[in-house]
Amino acid sequence: MKQMRRFICALLAALMLLSGTALAEASYTAGTYTASANGNNGPVTVEVTFSGTAIESVNVTNHSETAGICDVAMTRIPQAIVNGQTLVVDAVAGATNSSKAILAAVEDCVMQAGGDVEALKVKANDGEAASTETVIINTDVLAIGGGGAGLTAAVRAGQFGVKCVVIEKLAQLGGATAASQGNYAAVDPEKQVPQGIEDSIMLQIQQTYQGGDCKAKLDLVETMAYHALDGVHWLENLGVEFNEQMTTVVGAIWPRTHGAVGKGAAIIEKLKTAAEAYNTDIYMETTATELIVEDGRVVGCKAIGADGTNYEFHASLGVVMCTGGFGKNTEMLKKYNPNIPEGVVSMAHAGATGDGIIMGEAIGANLYGMEYIQMLTTSGAVLTGASIEDVLYINAEGNRFVAEDSRRDMLCNAAFNQTGSVYYVLSDQSLVDRQGNQASVDAAVAEGKVFKADTLEELAGIMGMSAENLTAAVADYNACVESNTPDSFGRYTFNHKLDTAPYYFSTALRPMILYTCGGLEINAAAQVLDAQGRPIPGFYAAGEVAGGLHGSNRLAGNGISEPVIFGQIAVESMMADQ
Ligand code: ADP
């Protein structure tokens, strides 16, 4: 390996000499150095070992970047630095800040070792012009986007015995689905009845439709509700496990949430494994740029790979657009909803840039509900696991201000009306015990991400809020739990009193952009429609890229059922349409 590196250094030197640039051999004070630089979630620490003339190894020794999203950067960037003896390394798509942090920390180590940072930042001329040839790939089904919907489509295609190709623009699969809590809404009497939960498909339809202010397409809502439980069982057959306990997560408004063990990442893992078992070809870091239409039928797409390779993917059965939403595309957010309050941060993932909507619109697809952009009151998930049961939202004055089991848009609007648009999530030891997450809560307390005190008065003091207000708010709530009657805010979810010390508060939280409800208009067969409401032949859409299911507001739990249900339906329709 060392010999190879020396050979590369020598080769580079020879090339530079040939191109007229003198290259002094790199020189370092041999040894191992460490440095940190800030990534997305905090410092990324590296350890770099130098010989007298080369960077021998780069290891990331500590970081708090998001697992799954940063994985490729953590291995690829160090490797590229060592292999190329360079600091000119492209960031990994979707993990730009993690990549930059590694590069910055290594740069610091180079300086400590007395190396020439500027020389390492000169891009070597590899002399290879990017190929101008287009690589043609033929398949039966093409899924654009490797999140929940795209991988579901791939597995369903495999189950029909047809070939699927998935293209994914980032360096990791999973999109919003992988980053999610993995909460899937489905009426399930087998689990709900023993827990005393009354529910029905009709109630789910009604709540979903009304929860989106009746702006949804009713046939899509019905399709989702009737297929939801089958989707749970379909995932279970692929190895996904769901918790026995059904809960109400923030904005779900009813206890019909199946929480996946291992969250959204586990769902993606099982889908990926199944898709691979069906010999799905997955093209990573390959970005679809435009749809190919022949005689009015969508037959494929053009795409570009990370190395600049041009592709044309041709699909004999159809193309299913699965590119997710546009929560990370500031221009589109502003264009479609200029009323989003200034300064609201988006928690959407890096791939949520609306590409599929733009590509679809360019070939005549109709867009539906684009102005409906969902924000979320992040629930201080370390405390609550995203469940809304047994916690209170408290404002800077120490008062409650909303029914915590409301719709997400109502929670956000209420939060925007509080001082500084902030709120704090309050919980107690009994919830930590029920959730069994003492270790992660303790870690959050140590990191200053959660505050803890033995009494509410003490906790109010730490937070700088009125102890009188806080104790009164908790006493009122506990009285409602005892009598099990709705409180003055209209909250009806009362399971456990909040009365067991120590008490915990999240840091100040603000609503964030989570999800875009609008997109390519589809019908219940997941066919994409044109402006006249006619299906565009060969063109299907599933998941967040599609519009019409949620209306103005998405109920929690429907963001996972949606890609799983409509990803399957898209392929089933494709098969039926032949
Ligand atoms: P859904 O839940 O609807 O499946 P996700 O957000 O889980 O949505 O997945 C969408 C995926 O599509 C993401 O992984 C994203 O990176 C990918 N994607 C977005 N735009 C493109 C594109 N132009 N080409 C290929 N993949 C894309």
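Atoms within a ligand are numbered from 1 in the order they appear, just like the ligands themselves. Because the structure is a prediction, the values reported are computed rather than measured.
Scanning the protein heavy atoms around atom 2 (O) of ligand 1, the nearest turns out to be Thr177 OG1, 3.0 Å. Scanning the protein for heavy atoms near atom 9 (O) of ligand 1, the closest one is Gly147 CA, 3.2 Å. Scanning the protein heavy atoms around atom 4 (O) of ligand 1, the nearest turns out to be Ala149 N, 2.8 Å. Protein heavy atom nearest atom 8 (O) of ligand 1, with residue, atom name and distance: Gly324 CA, 3.6 Å. Atom 26 (N) of ligand 1 has its closest protein heavy atom at Lys169 N, 3.1 Å. In this structure, the protein non-hydrogen atom closest to atom 14 (O) of ligand 1 is Glu168 OE1, 2.6 Å. For atom 24 (N) of ligand 1, the closest non-hydrogen atom on the protein side is Ala288 N, 3.0 Å. Distance from atom 3 (O) of ligand 1 to its nearest protein heavy atom, with residue and atom name: Glu544 N, 2.8 Å.
Within ligand 1, the atoms closer than 4.0 Å to a non-hydrogen atom of Thr287 are 23 (N), 24 (N), numbered from 1 in the order shown. Which parts of ligand 1 touch Leu170 is read off a 4.0 Å heavy-atom cut-off, strictly below it: atoms 16 (O). Numbered from 1 in the order shown, with element, the atoms of ligand 1 that lie under 4.0 Å from a heavy atom of Pro563 read 2 (O). Of all atoms in ligand 1, numbered sequentially from 1 with element shown, those under 4.0 Å from a heavy atom of Gly543 are 3 (O). Counting the atoms of ligand 1 from 1 in the order shown, those under 4.0 Å from a heavy atom of Gly351 are 16 (O), 19 (C), 20 (N).
Heavy atoms of Thr286 found under 4.0 angstrom from ligand 1 belong exclusively to the backbone. The proximity of Ala176 to ligand 1, defined as any non-hydrogen pair under 4.0 Å, involves the side chain as well as the backbone. Proximity of Asp355 to ligand 1, defined as any heavy-atom pair under 4.0 Å, is confined to the side chain (atoms from C-beta onward).
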Using side-chain contact (heavy atoms from CB on, under 4.5 Å), reason through Asp355 and Thr287 one step at a time and then give a plain yes or no. CA-CA 9 Å; Asp355 302 10; Thr287 305; 4.1 Å; yes

Start with the C-alpha distance between Glu521 and Leu367, add both sets of side-chain angles, then the distance that settles side-chain contact (heavy atoms from CB on, under 4.5 Å), and finish with yes or no. CA-CA 5 Å; Glu521 183 179 359; Leu367 305 188; over 6 Å; no

Residues Val44, Asn38; criterion side-chain contact (heavy atoms from CB on, under 4.5 Å); working and verdict: CA-CA 6 Å; Val44 175; Asn38 272 337; over 6 Å; no

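Taking only nitrogen or oxygen atoms, main chain and side chain alike, Gly148 reaches within less than 3.5 Å of ligand 1.
Ligand 1 lies within reach of His349, whose nearest heavy atom is under 4.0 Å from it. Within the structure, ligand 1 lacks Thr289 among the residues with a heavy atom less than 4.0 angstrom away.
A donor-acceptor pair shorter than 3.5 Å cannot be found between the side chains of Thr134 and Asn310. For the 3.5 Å distance criterion, the side chains of Thr280 and Lys163 fail to qualify, holding no donor opposite an acceptor.
Here Phe313 and Tyr283 bring their ring centres to under 6.0 angstrom of each other.
Residue nearest to atom 10 (C) of ligand 1, selected from Gly145, Cys322, Gly174: Cys322 (by heavy-atom distance).
Taking all atoms of both residues into account, the shortest heavy-atom contact from Val320 to Ala570 is CG2-CB, 3.7 Å. Between Val166 and Gly146, the shortest heavy-atom contact is CG1-CA, 3.7 Å.
Using a 4.5 Å heavy-atom threshold, the side chains of Thr286 and Ile304 count as separate.
Rounding to the nearest 0.5 angstrom, the gap separating the CZ atom in Phe242 from the CG atom in Asn183 is 9.5 Å. One finds the CG atom of Asp140 at 9.0 Å from the SG atom of Cys164 (value rounded to the nearest 0.5 Å).
The list of ring pair (Phe, Tyr, Trp, His ring centres under 6.0 Å) pairs with a residue in residues 537-578, not counting sequence neighbours, reads Tyr515-His550.
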